[in-house]
Colleague: 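Sharing a structure below in structure tokens format, with a few things to ask.
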Amino acid sequence: MRAATTPSRIRALLNLKATSISNPNNINNNIVSLQPFSFEDSIHHLKNAADTKNLIFGKTIHAHLITSNQLSQEDDNVVLVNSLINFYSKCGQARVAHNLFDEMPKRNIVSWSSLMMGFLQIGCGFKVFELFRDMGLVDGIRPNEYILSTVLSACCKGMVFEGQQCHCVGLKTGLVFYQYVKNALVRMYSMCSDLGGAMGVLYSVPGSDIVTYNSIISGLLDHGCVNEALDVLNRIVVEYKAWDEVTYLNVFALCARLKDTNMGMQVHSHLVKNSEEFGFYVTSSLIDMYGKCGKISYARRVFDSLDTRNVGSWTTIMAAYLQNDCFEETLSLFLDMELEDVVPNDYTFAVVLNASASLSALGYGTSLHAYTEKSGFKGHVIVGNALINMYSKAGFAGHANKVFTEMINRDIISWNSIISGYCHHGLGKEALSVFNDMLAAEVKPNNITFIGVLSACGHLGRVQEGFYYLQQLMIQIGIKPGLEHYTCIVGLLSKAGLLNEAENFMRTTPVDWDVVAWRTLLNACHVHRNYDLGKQVAKIVLQMYPDDVGTYTLLSNMHAKAKRWDGVADIRKLMRERNIKKEPGLSWTEIRNNTCVFVSDDKSHPELKQIHEKIKDLLNRITLLGYVPDIATVFHDVEAEQKEEYLSYHSEKLAIAYALMKTPPGAPIRVIKNLRMCNDCHSAIKLISKVTNRLIIVRDVNRFHSFQDGSCSCQDYW
DNA sequence: AAGCCCCAAA
């Protein structure tokens, strides 16, 4: 007599509370009257529970098997217990599976492989190896293709030695000829960064299916080998292999990496032609592809065309806007998502936090901070990292540090974020101290870490220490210095006033210097008033980068500072000829959660008159402390009395004056601006911080300036 | 009978 397995019966079982299942007494009360399942039904249900990761349902079946005494029949229950082990393994309950396994009077190879899966699932690779060894020792079982592919999957990063041994086992036993084993081998070599090994397996073992190709493309992409990935894609096309979902994911990722919209659109058409419906993964990677190719409107069109959207779809479109510098849109999409009752996850929070970081929208950022904690994402690394970034960019180094120290789990990005955050605030000592903590915690720094470390040395003027990191520690750790690191050294020498050394370093280091490096040197010539070297450098830079606006601004300032008006005029002329336009100066500040934006020489602000009066008042007060308008930075073809006026309407002065009007005495003022600060504003704001007794923090395009009591954290070098 | 490979959003 078999039990009815009608849907209503299943529903009744599912309605059992978890407690009633874990407590045998309750189980008796609830389902003791049910008829036992047939053997086939039990197997079937357990497989279902495993596939859908439905822990409650599977436990119910388990309980039912216990109460109906089916597990005590010794002969036949190996398969049944194997199914249970498989179910618990798939649900991430390897310990439970292990208990069942230990109590088995008789096991077979499936028992071993199912349990190994369980430990693989929860990331205990070592346990998989242990079982692999014991399997032969205890039960005298030789591996089959299932065992071998599972063990190969357990060879994660850096276990290439173990992986190679498994490869040998596969060769000796002939198991490599199984598709699953071949694919697992390809995957293993990719994970171990041995792409030669992966390609070797791909071409030396006959028979590749779409999964083989998917694995190899994904491995190649992980290591930035786009051309090789294109070759493999070509093979798929030549061999008329049918694509699956994963192929589309990989190929869209490839298009994104190449920023090849054309190819992306072709693959998009391929997708539409070849599949009726596609899952969230595919649609998200399609949106992601268009976003990364800079085609935000295409990404939006795909997103809008979706019938159903999950949190991943929302997060992807928000990330696409973020990557394309559309921060407000990112935040407004977050609100739309909330309205549709889609629950954000850790990635979503990371995206919106980074958007508010880019806007320095502190009000928004702190609300989001509270929201993440309420949603239970406090311990999530990516959220913590985004919070560090948000607080750093909003000018709150202390808050960023608090988030960092309270993080339960940290990854390399957490360390790098706090180090570079400190650097942007000019807090070199703090940055280096975190770096030492990092070394003490035996976290391996990467190339990004050293960008922070070297620039911290720059802030502190520690030339020798910087060279030690570049020439010794980095080599010792195995990191090849790149352009950014060498540029930090240029900055380091420049800041220390060693301009000739910096120039010499650039001439003798075999690096393709970019405009950033050259501007670093040029800026040093400007600050240290080395007009002659500056002119030489300018010649080189203008030849190499005739369209770089920043260089022109810097040059005209440099000429002005040296009172070389002919130079200024030349630059102006060049700019006109080459149609180079200065970006308008823009500053913004948050007042009671409202973002107020100011354009230089703003004529449209409703409270313009009051703001101008406030500025006049401030300028009068700081003039008593010795402020002299630095009219040298204004182009000399402007009438003399207009020059001062030009200066007083710089956007950051407007923003600061407005903030002083609107905030209570003593409240810190935070301003963000899109360009580099000019000399005049810098010296004016220093004195304003003194006469108003306020902390004024200005984030310009390069760094933070923290003005307090008449001085600035950049120590007048920026 | 039961078990294995490829999978996004920062």
Side-chain angles (χ1 to χ4, degrees), chain A residues 39-40 42-44 46-47 50 76-87 89-90 97 107-118 120 128 143-154 175 178-188 190-191 208-219 221 243-250 252-253 256 279-289 291-292 310-320 322-323 330 344-355 357 380-387 389-390 411 413 417:
Chain A
F39 180 81
E40 289 80 10
S42 306
I43 300 281
H44 174 75
L46 282 173
K47 186 176 158 46
D76 215 22
N77 69 6
V78 178
V79 174
L80 208 47
V81 181
N82 283 350
S83 297
L84 279 169
I85 293 178
N86 175 50
F87 153 72
S89 290
K90 285 262 175 68
R107 295 178 282 253
N108 65 16
I109 192 159
V110 180
S111 325
W112 287 92
S113 73
S114 302
L115 185 59
M116 283 159 89
M117 265 310 297
L120 178 65
V128 176
N144 65 4
E145 70 274 25
Y146 287 89
I147 297 281
L148 195 59
S149 34
T150 306
V151 176
L152 279 167
S153 305
L175 290 172
Y178 284 95
Q179 192 74 65
Y180 273 99
V181 174
K182 175 179 176 178
N183 295 346
L185 270 170
V186 169
R187 179 71 192 148
M188 180 276 293
S190 303
M191 295 262 287
S208 290
D209 65 357
I210 194 66
V211 176
T212 324
Y213 287 122
N214 291 343
S215 303
I216 197 85
I217 292 185
S218 136
L221 278 179
W243 295 28
D244 69 359
E245 273 215 345
V246 181
T247 320
Y248 285 107
L249 294 181
N250 286 329
F252 282 134
F280 289 123
Y281 279 95
V282 172
T283 49
S284 291
S285 70
L286 180 58
I287 294 170
D288 179 55
M289 181 275 292
K292 292 216 170 95
N310 69 357
V311 60
S313 330
W314 282 97
T315 307
T316 310
I317 188 71
M318 281 157 55
L322 175 70
Q323 283 152 6
T330 306
N345 64 18
D346 45 351
Y347 285 97
T348 323
F349 280 118
V351 173
V352 272
L353 279 168
N354 282 323
H380 288 237
V381 182
I382 51 168
V383 174
N385 294 350
L387 283 170
N389 185 33
M390 187 275 291
D411 63 7
I413 298 173
S417 302

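The sequence lines fix the lettering, A, B, ..., with proteins before strands; numbering per chain opens at 1. Because the structure is a prediction, the values reported are computed rather than measured.
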Colleague: Measuring from A:T150:OG1 to A:I147:CD1, what's the distance to the nearest 0.5 Å?
Modeller: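 Reported value, rounded in 0.5 Å steps: 6.5 Å.
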Colleague: For A:I210, which residues count as a side-chain contact (heavy atoms from CB on, under 4.5 Å) partner, sequence neighbours excluded?
Modeller: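 Listed in chain order: A:N214, A:I236, A:K241, A:D244, A:T247.
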Colleague: Report, as a single string ordered 5' to 3', how protein heavy atoms within less than 4.0 Å touch nucleotides 3-10 of chain B: B base, S sugar-phosphate only, - not at all.
Modeller: BBBBBBBB
Colleague: Can you tell me how far the CG atom of A:L175 sits from the CG atom of A:N144, to the nearest 0.5 Å?
Modeller: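 Atom-to-atom, A:L175:CG and A:N144:CG are 7.0 Å apart.
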Colleague: Restricting to side-chain hydrogen bond (donor to acceptor under 3.5 Å, both in side chains), what partner residues turn up for A:S42, sequence neighbours left out?
Modeller: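 None.
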Colleague: Say whether, by atom type as modelled, one donor and one acceptor occur between the side chain of A:S284 and the main chain of A:Y281 under 3.5 angstrom.
Modeller: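 The answer is no, because no donor-acceptor pair under 3.5 Å joins these two groups.
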